[in-house]
Amino acid sequence: MRAFLLLLLSLGPAWLQAAERTLIAPAWTARNTPAITVDSILLRDTLSRLYISLKQPPHTTLTLHDDWVIQDSLGSFTARVKDMDGADFNRIFQFDDDSIVSVEMDFPPLPASWNEFDLIGNKPSGEIRVIGISLNRQQPPVALPSRPATRPSPPLPVITLEPDTAWLQGRFIGYHRRLNLPDGKIVLTDLLTRQQTTVEVSVADDGTFAVQLPLCHPVQQRLILGDRYIPFYIEPDDTLSLQIPLDELLVPYRNIREIEQNCTHLTYQGRNAQANYELRQIRLQEAEANDGWMQAIRTLPPLLYYQAEEDKLKVKLERLHSDWQTQKLASKAYPLSILNNYCLFLSHLIVYNVIKKSEAECEYLKYRNIDTPFATIHPLNEPLSVAVEYYHPFITLLEEQANSTTPPDWTSAEFIEALKARNVDLSPEEKEALRLALDGNTAITPQTQAVIQQLNNRCEKEQISMREEKLRQWSEESYRNRFGSPDDFTRQLLDARRVVRLWQSLHRALTIREQSEFTITIIDPPLRFAVKRITSQPDR
């Protein structure tokens, strides 16, 4: 009997060792955030313990909820977490300077037939998924894309405003369908019609995507994936390819500019790849300079605010000029970046004026007196501005500010004279009705309203023409007071957008005569042709 017991004791440790197994750095297929890494797995007959490293920026916080599960690829078997060491479930904890917190999660034992499993948790506050954690393989080194060889950028595009198509394609590296990531999207806003188009970017099971973009001019745009984005520059009749490592795109961030900073292995391929790399580098250089803008709006008086914005603009333009002189920038990224900065500068001044209502102290006349002799390209008179990242918000700000100012009212004498100039003869009764409606201080009688309604029906097109001429003259004078020349490209574009808006409100095509009259101030040939192409269409 004693010999038998000694035999059992001698076999005991070997039996326990066979029932316990530790996997170091297990391989995984995909994850929706690099904030979590499974360092090792302890497998026993009684439990499965995951040793996990959590990584976030220093002094940020995280909460681990008690909903963590491990499941097979079909979701047919699910085991819920039983316990955790290193942190408490459902309680906020903070990351120290080293940015790492280590925890251990205990789950029920895994079925012996499993080769891999998915780890899922934190559904209430941003679900975390690690897909395909292997039970028999170690994680190999991740192969990240390297930047392709530099190739010259093509020359600056000719802005024709003709409809065309561009292709955006690429791959999300580290993608898996079971990550439950959203599809991407790109939001395009038509420069003339203001129509907004959301292009859905469907991602295939292998992480690839390809979409057509309807364009009339080059754009600096963003591919949006959930709360993350990837900037890109693309032109009509162009194909641009992206390689996007998800582990970098999905890194937790404190400031939105860190999203692009984290994507160190993002690659562009195509004829405009070099321009994309250079524009990206400039954005990263200038990101910090744009911080603190809203704080300056709240705290600085007008003249100090203007000086601070002008100083920032000068520093950025001087850096661009230096990079251009030393051939760090090609002939496409340089002018586009200058225009980017001018539009951002002007937009910042307009927003400040709107908030503070301080045009008397920070007037628009100063905008064109900036002492930057090396910057020969200005957004107001440059068709290439339509490719600028901030140009559309800039002209929208101009329009909104103009709309907030009430245009001058008509007097009856002006109204009658304008109709006469358009060969509309008025009866004494109609003239009197106009005097009562436009000059009088008494209530309009039903009889007067009826006369005016008949007049409106009789000369609707003439009145539209009169109104457009008066609005054009008023807005031209307002623009001249702020910016100087009323003939520059931006002024023409504002007129073009107003004509297109009129066409939209009439729900009909403009006549040839109306097109000729309403576009008289639009002298840029591509812009004039684009407006006529749009407004000659019938109501949609």
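Checking Q243, E248, R147 one by one against H265, the side-chain hydrogen bond (donor to acceptor under 3.5 Å, both in side chains) holds for a single residue, E248.
R31 and D247 are joined by a salt bridge, as a carboxylate oxygen and a charged side-chain nitrogen come within less than 4.0 angstrom of each other. Under 4.0 Å is where a charged nitrogen must lie from a carboxylate oxygen, and between E260 and R228 no such pair does. Using a 4.0 Å cut-off between a side-chain N of Lys or Arg and a carboxylate O of Asp or Glu, K332 and E278 do not qualify as a salt bridge. Salt-bridge annotation for R491 and D495: present, with a side-chain N of the basic residue lying under 4.0 Å from a carboxylate O of the acidic one. With respect to the salt-bridge test (charged N to carboxylate O, under 4.0 angstrom), the residues R129 and E127 qualify. Checked for salt-bridge contact, E399 and R497 meet the test: a charged N lies under 4.0 Å from a carboxylate O. A salt bridge does not link E517 with R513: every distance from a Lys NZ or Arg NE/NH1/NH2 to an Asp or Glu carboxylate oxygen is 4.0 Å or more. Of the charged side-chain nitrogens involved, none lies within less than 4.0 Å of a carboxylate oxygen, so that K314 and E309 do not count as a salt-bridged pair. Ion pairing between E162 and R533 holds under the 4.0 Å rule for side-chain N and carboxylate O.
Under 3.5 Å, the side chains of N180 and N32 contain no donor-acceptor pair of N or O atoms. Between the side chains of Y391 and T490, a donor-acceptor pair is found at a separation under 3.5 Å. Neither side chain, D96 nor H59, offers a donor N or O lying under 3.5 Å from an acceptor on the other. In this structure, a donor-acceptor pair under 3.5 Å is absent between the side chains of Q261 and N255.
Between Y268 and Y277, the distance separating the two ring centers is shorter than 6.0 angstrom. Within the 6.0 Å centre-distance limit, the rings of F172 and F209 are counted as a close aromatic pair.
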>> E389 vs R283, test: salt bridge (Lys or Arg N to Asp or Glu O under 4.0 Å). Steps then yes/no.
In response: CA-CA 11 Å; E389 182 178 5; R283 282 192 302 270; 5.4 Å; no
> Under the side chain to side chain donor-acceptor pair (under 3.5 Å) criterion, do E286 and N341 qualify, and how do the steps go?
Replying inline: CA-CA 10 Å; E286 297 176 348; N341 281 302; 3.1 Å; yes
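To the nearest 0.5 Å, the span separating CD1 on I230 from CG on L223 amounts to 4.5 Å.
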